Amino acid sequence: MIGRIHSVQSLGAVDGPGVRFVVFMQGCPLRCAYCHNPDTWDLAGGTETTVEELTEQILRYQPYFGVDGGVTVTGGEPLMQWEFVVELFAALKKHSIHTALDTSGHGSEQAIAAVLPYTDLVLCDVKFPTEEQYCSLCGGSLQTVLSFLERTVKHKNDVWIRHVVVPNLTDSNDNLEQILALCKPFTNVRKVELLPFRKLCVEKYQALGIDFPLAETPACSAETLRILQSRLPLF
Ligand code: SF4
């Protein structure tokens, strides 16, 4: 099985528990206003890699994973290359490696049904709390995300919810309360993570010749993040 990979990070520490090998897949159906990785959008981009090559590369780092670590597949949207992810996760499970899927939940029924059984942890970015915002600022559907989360309950996947804090867009207490209310029915949610909006991607947009919709929005301050984090429930 051949997949198109944007890049890998051999010893990541922010995409799931412990020390992780992070695989950035090409292709994304969304266009989030705050996207940090516009260079992953094109499904035809990146480098062709086989599951065997990638697994071999990952196994070299397995000694560093420890008890909590493992592999996270992110993107882009990894469900766009679900057949590759299924084969990769199946190969990793044979080596008892923990698997995490970082997703927006926007994938086909077939993709979701195939990937979730091989997924130990789902990292799901709930981007905006209303259908209108989700559609206008990401080009996707909040209902699709909620339906996806229902599927993770059925498959008994642990879930971490992720939410990007963008000044003047998603940095209010009300916004956070709405996100938490949306997640409350899902009994498999183990954690809610707030990620600060950053602007290190500006040069990527310039190189690609794409307008960055939030060019005038400031980065999220450490203080704003700290205040919102203090309001998160304990799981
Ligand atoms: S889902 Fe992720 S990769 Fe896709 S546009 Fe949104 S932030 Fe970017």
Side-chain angles (χ1 to χ4, degrees), residues 3-9 12 14-16 20 22-47 72-82 84-85 100-108 111-112 115 119 121-149 151-152 159-171 175 179 182-183 192-215 217 219-220 225:
R4 299 200 74 94
I5 308 296
H6 173 270
S7 57
V8 301
Q9 185 183 10
V14 293
D15 293 303
R20 308 190 73 80
V22 184
V23 181
F24 295 83
M25 308 285 299
Q26 283 293 142
C28 186
L30 302 188
R31 295 293 180 264
C32 304
Y34 57 72
C35 183
H36 207 254
N37 296 320
D39 43 351
T40 65
W41 289 349
D42 182 3
L43 188 56
T47 307
T72 298
V73 175
T74 181
E77 171 49 68
L79 289 173
M80 286 196 81
Q81 298 192 68
W82 62 271
F84 183 87
V85 177
L101 178 78
D102 181 18
T103 178
S104 68
H106 284 72
S108 68
I112 293 166
V115 173
T119 305
L121 174 68
V122 171
L123 309 174
C124 183
D125 186 0
V126 179
K127 299 167 185 297
F128 292 98
T130 70
E131 190 65 43
E132 188 187 354
Q133 283 178 305
Y134 207 109
C135 180
S136 65
L137 293 162
C138 283
S141 162
L142 176 62
Q143 192 50 53
T144 298
V145 185
L146 299 179
S147 301
F148 170 77
L149 287 172
R151 301 287 294 276
T152 67
V159 171
W160 289 9
I161 299 295
R162 310 183 104 188
H163 182 64
V164 180
V165 178
V166 185
N168 309 320
L169 261 185
T170 62
D171 61 345
N175 179 85
I179 293 289
L182 284 171
C183 300
V192 176
E193 278 190 327
L194 299 178
L195 310 176
F197 169 66
R198 299 207 189 280
K199 300 184 74 176
L200 302 173
C201 55
V202 169
E203 284 177 11
K204 285 188 193 177
Y205 279 89
Q206 285 169 349
L208 291 165
I210 303 171
D211 282 340
F212 182 32
L214 301 185
T217 302
C220 175
L225 196 68

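These numbers were taken from a predicted model, which means no experiment stands behind them. All ligand and atom numbering here is 1-based and tracks the order in the structure.
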Q206 side, atom CD; C201 side, atom SG - distance, nearest 0.5 Å
10.0 Å

Identity and separation of the nearest protein heavy atom to atom 2 (Fe) of ligand 1
K127 NZ, 4.2 Å

List for me each residue that meets side-chain hydrogen bond (donor to acceptor under 3.5 Å, both in side chains) alongside E77, sequence neighbours excluded, and say none if there are none.
T103, S104

Only one of L121, D125, T119 clears side-chain contact (heavy atoms from CB on, under 4.5 Å) with L123; which?
L121

Under 4.0 Å between a Lys/Arg side-chain N and an Asp/Glu carboxylate O for R20 and D15?
no

Student check: side-chain heavy atoms of H36 and R198 closer than 4.5 Å:
yes

Neighbouring protein N, O or S atoms of atom 4 (Fe) of ligand 1 [cut-off: under 2.8 Å, no waters]:
C28 SG

Is the ring pair F128/Y134 parallel, tilted or perpendicular, if the boundaries are 30 and 60 degrees?
perpendicular

